[in-house]
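Data block below; observations after.
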Amino acid sequence: MDIRFYNTLHRSKEPFRTRDPGKVAMYVCGPTVYDDAHIGHARAYVAFDVLARFLRFAGFEVTYVRNYTDIDDKVIRRAQEVGTTPGELAQRYIDRYREDMARLRVLEPDVTPRVTDHLDEIVALVRALVDRGHAYLLDDGVYFSVRSYNGYGRLSGRRLDEMMVGARVEVDDRKRDPLDFALWKLAKPDEPSWPSPWGAGRPGWHIECSAMSLKYLGPGFDIHGGGMDLIFPHHENEIAQSVCATGQEFARFWLHNGFVNVNKEKMSKSLGNFFTIRQAAEVVDAEAIRLFLLGTHYRGPVQFDVELSPEGHLVGFPGLVEAERRLAYGYETVRRLARAEAALAGKHAPGALPDALAGAAAGFEEALRAALADDLNHAEALGHLATLQRTANDFLDRAKEHPPAARLAAIRRLREAMAGAARVLGVFEREADEALAEIGTRGLQRAGVTAAELDDAIRRRAEARRAKDFAAADRIRAELLERGIELMDAPGGTEWRVVRG
RNA sequence: GGCGCCGUAGCCAAGUGGUAAGGCAGAGGUCUGCAAAACCUCCAUCAGGGGUUCGAUCCCCCUCGGCGCCUCCA
């Protein structure tokens, strides 16, 4: 399969070639664990989750490393604010982060190293940089000299002399160059510290990712990922210090995801316009967040709609609600197929597949593969999936046109195609009945209707319908609709869904 | 000042040098006691201007508008 990715390093799509045949070594910059993850984090880790899933699907043996930055200025400050230790604070947010990722159906990477478990590697790396003359000592720490590396700026496309250094931050004129950055920060009183040849202290930002990626993946690994905002300075610095320390190539492909925007502006901590995964997952099923994020190509900006009341209070997330509707549609399609198969299995042997369906299923699988192989176009992939789902429902609507044996074969083929897509994209993987029950339950809560109330209303309406008292039946239905619940009379009984909560 | 991104139907959003996926909303239909769901049909010439080309939404230039990075940030 011809796979191409957009490589930030060369600003173009390139054929994907791995360091070792059949193997992919990938590293993604993980979160600094001092607060709950927001939708922007969700976007990055969902995108790279799909990347890892796709590469495995494509036959590669993947080693996926995603770190936790569990010690830095923000962790220390927040720990002081809430009166705990940095270690305890970090552990707490790692736990919460794991829960969030699980709800988003982001698979656990193969290795999830923490900075505080890798001080030896970090110190060794800093020592190599000092020994090779790329780092120097000031009274508060060890600094990397950007002028000592002539490749500096290659990733971000910047020249040292053209940057508006000092425009937003005061320049520390003790440094040889304003862009020199700390490799090792000597500890101030009451700060957590680890021993080093230069004195007790902690790693600067950037060095940990070099140390951990090199440890688990080695020089020249295949993919390094992260948010666009990390290109400069974080990734630029990683490259500089890694290349200078090892004398070898660092990472081959640099992939960066775009931002999540709220009202056209980047969602960020500093702007304060962020929403956590937890907040969003209170409103809709967490899988809907994933589906929503996958609807936009990973490199482009995602518009995250936030509906506010005239007073400025949060009303809802229209885009997520729409995504949840599509989520329910997808699971309903899966369930219809499952039920139809159950009704046929055992009574009939699968026969010949109808030609049209065979073509549709194979065409879908090829289109899905091609979309993802072309710079991970999961948005296009979802478009193909929508078409397949429509094909499936259409087939089920007209299933009687086919003999049972052909029907069974077709249903199985459709399920197979959908399951493959689910595995790669990480959506519609759950057991359909359970997923729909959860979506429904949470919708009822949102609407403020109890299950008992609903059951009672449905029962009363069924009685009225049996008595041919359609006026009464319609009244009950209208009342429920007023409360946000829509009733649907299906062959097997009355079903319901939440249209507004 | 440097580097870069975006502007596709009411909304969200793919995409290609040869007349534009998908979703939501909307209109009409099949089905239904009536509905809903599901399905079918319909619904855009791609911010504006110039250039290259047999032909551009897609390539180049300019203009307008929006945004990002150059501090921490996915």
Side-chain angles (χ1 to χ4, degrees), chain A residues 8 11 28-32 35 37-48 72-74 153 156-171 178-179 181 205 225-234 236 256-261 264-271 274 291-292 295-305 318-319 321-323 325-326 328-329 332-333 336 367 371 374 377-387 389-398 465 468-471 473-474 477-478 481 486-491 494-497 499:
Chain A
T8 305
R11 299 184 189 278
V28 171
C29 289
T32 300
D35 202 355
H38 58 66
I39 304 294
H41 295 101
R43 190 185 191 197
Y45 301 126
V46 165
F48 289 110
D72 90 325
D73 295 353
K74 294 190 292 292
S156 53
R158 294 155 202 263
R159 292 158 184 259
L160 279 169
D161 298 315
E162 284 175 352
M163 281 188 270
M164 228 173 149
V165 168
R168 292 161 77 189
V169 162
E170 226 175 304
V171 172
L179 289 173
F181 54 92
W205 186 41
M228 265 173 47
D229 47 355
L230 296 181
I231 295 172
F232 189 90
H234 185 56
E236 196 69 71
H256 293 98
N257 64 274
F259 297 129
V260 174
N261 288 162
K264 292 288 200 173
E265 275 190 325
K266 172 188 173 184
M267 178 184 291
S268 78
K269 301 294 278 251
S270 41
L271 287 171
F274 65 93
L291 194 60
F292 170 78
T296 303
H297 185 95
Y298 78 94
R299 280 196 292 112
V302 169
Q303 294 308 325
F304 185 75
D305 294 331
V321 171
E322 182 185 324
R325 198 170 304 139
R326 292 302 297 172
Y329 167 83
E332 274 158 13
T333 303
R336 282 187 78 187
D374 183 12
N377 196 336
H378 43 68
E380 185 191 330
L382 283 183
H384 296 308
L385 180 56
T387 302
Q389 288 168 330
R390 188 151 31 78
T391 300
N393 277 308
D394 183 37
F395 181 82
L396 291 168
D397 280 358
R398 300 185 296 120
R465 289 181 74 206
K468 302 283 187 204
D469 185 356
F470 293 119
D474 289 352
R477 186 171 62 194
L481 186 60
E486 193 162 63
L487 297 186
M488 304 172 284
D489 296 321
T494 297
E495 293 175 358
W496 55 272
R497 66 169 190 156
V499 291

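Basis for what follows: all heavy atoms, side chains included, without hydrogens, waters or symmetry-related copies. Every chain is numbered from 1, with letters handed out A, B, ... down the list of sequences.
Atoms CD (A/Glu495) and P (B/rA37) sit 13 Å apart, rounded to a whole Å. Here the C1' atom of nucleotide B/rA36 and the CD atom of A/Glu332 are 11 Å apart, to the nearest Å. Rounded to a whole Å, the CZ atom of A/Phe181 is 11 Å from the P atom of B/rC72. Atom-to-atom, CG of A/Asn257 to P of B/rA74 comes out at 10 Å; the value is rounded to the nearest Å. If you measure from atom CD of A/Glu265 to atom P of B/rC6, you get 19 Å, rounded to the nearest angstrom. In this structure, A/Asn393 places its CG atom 13 Å from P of B/rA37, rounding to the nearest Å. For the pair A/Asp397 CG and B/rA37 C1', the computed distance is 10 Å after rounding to whole Å. If you measure from atom NE2 of A/His297 to atom C1' of B/rG22, you get 16 Å, rounded to the nearest angstrom.
With hydrogens and angles ignored, no donor-acceptor pair closer than 3.5 Å exists between the side chain of A/Arg390 and the base of B/rC39. The base of B/rC24 has none of its N or O atoms less than 3.5 Å from a complementary donor or acceptor on the side chain of A/Arg326. Counting distance only, with no hydrogens placed and no angle test, the side-chain atoms of A/Asp161 and the base atoms of B/rG2 include no donor-acceptor pair under 3.5 Å. Between the side chain of A/Asp305 and the base of B/rC12, no donor-acceptor pair under 3.5 Å is found. Counting atom types as modelled, A/Arg477 pairs a side-chain N or O with a base atom of B/rA35 as donor and acceptor under 3.5 Å. No hydrogens or angles were tested; on distance alone, a donor-acceptor pair under 3.5 Å links the side chain of A/Arg465 to the base of B/rG33.
Listed pair A/Asn261 / B/rC67 fails the phosphate criterion, with no side-chain N or O lying under 4.0 Å from OP1 or OP2. In this model, the phosphate group of B/rC69 is approached by a side-chain N or O of A/Lys266 to a distance below 4.0 Å at OP1 or OP2. Under 4.0 angstrom from either OP1 or OP2 of B/rA37 there lies at least one side-chain N or O belonging to A/Arg497.
Between A/Met488 and A/Thr494 there is no side-chain heavy-atom pair separated by less than 4.5 Å.
Of the possible polar contacts, one joining the A/His41 side chain to the A/His38 backbone as a donor-acceptor pair under 3.5 Å is found. At distances below 3.5 Å, at least one donor-acceptor pair connects side-chain atoms of A/Arg43 with backbone N or O atoms of A/Phe259. Remark: the backbone N or O of A/Ser156 is paired with a side-chain donor or acceptor of A/Glu236 at under 3.5 angstrom.
When the nucleotides B/rG23, B/rG2, B/rC3 are ranked by their closest atom to the side chain of A/Ala386, B/rG23 comes out on top. Of the candidates B/rC39, B/rG15, B/rG33, the closest approach to any side-chain atom of A/Tyr329 belongs to B/rC39. Taking only side-chain atoms of A/Arg336, from C-beta outward, the nucleotide of B/rA38, B/rA13, B/rC34 with the closest atom is B/rA38. Residue A/Gln303 places its side chain closer to B/rA13 than to any other of B/rA14, B/rA13, B/rG23. Checking B/rU71, B/rC39, B/rC24 against the side-chain heavy atoms of A/Glu322 singles out B/rC24 as nearest. Closest to the A/Lys74 side chain, of the nucleotides B/rA74, B/rG33, B/rC72, is B/rC72.
When heavy atoms are screened at a 4.0 angstrom cut-off, A/Leu230 is found touching the sugar-phosphate backbone but no base atom. Within the nucleic acid shown, A/Ala379 comes within 4.0 Å of at least one base atom, counting heavy atoms only. Across all strands shown, A/Val28 has no heavy atoms under 4.0 Å from either base or sugar-phosphate atoms. Looking at heavy-atom distances under 4.0 Å, A/Gly300 makes no contact with the nucleic acid at all. In this structure, A/Pro318 reaches neither bases nor backbone, as no heavy-atom distance under 4.0 Å exists between it and the strands shown. Using a 4.0 Å heavy-atom distance criterion, A/Ser270 is classed as a base contact. If you check every strand for non-hydrogen atoms under 4.0 Å, A/Phe232 touches sugar and phosphate atoms only. Among the atoms of the strands shown, none is found under 4.0 Å from any heavy atom of A/Lys269. Among the heavy atoms of the strands lying under 4.0 Å from A/Asp489 is at least one base atom, whether or not backbone atoms are also near. Looking at heavy-atom distances under 4.0 Å, A/Phe259 makes contact with a base. Using a 4.0 Å heavy-atom cutoff across all strands shown, A/Ser268 reaches at least one base atom of the nucleic acid. Residue A/Gly319 is out of contact with every strand shown, counting any heavy-atom pair closer than 4.0 Å. Using a 4.0 Å heavy-atom distance criterion, A/Arg159 is classed as making no nucleic acid contact.
A salt bridge does not link A/Arg390 to A/Asp397: none of the charged nitrogens lies less than 4.0 Å from a carboxylate oxygen. A salt bridge links A/Lys74 with A/Asp72: at least one charged nitrogen is closer than 4.0 Å to a carboxylate oxygen.
Residue-to-nucleotide proximity on RNA chain B shows that, of A/Ser156 and A/Asp229, the 5′-proximal contact is made by A/Ser156.
Both distances falling under 3.5 Å, in either a Watson-Crick or a G-U wobble arrangement, occur for no nucleotide opposite B/rA37. In this structure B/rU32 sits in no base pair that meets the Watson-Crick or G-U test at under 3.5 Å. Base pairing annotation: B/rG68 forms a Watson-Crick or G-U wobble pair with B/rC3, both donor-acceptor distances under 3.5 Å.
Annotation: B/rC58 and B/rU41 have their P atoms spaced 31 Å apart (nearest Å). Remark: the separation of the P atoms in B/rU52 and B/rC61 is 15 Å, to the nearest Å. Nucleotides B/rC5 and B/rC43 are separated by 35 Å at their P atoms, to the nearest Å.
For A/Arg326, the side chain to side chain contact (heavy atoms under 4.5 Å, CB included) partners two or more places apart in sequence, or in a different chain, are A/Leu291, A/Tyr329, A/Ala386, A/Gln389.
The two residues A/Gly157 and A/Arg11 have their closest heavy-atom pair at N-NH2, 3.5 Å.
The CG atom of A/Asn393 lies 4.5 Å from the CZ atom of A/Arg336; values are rounded to the nearest 0.5 Å.
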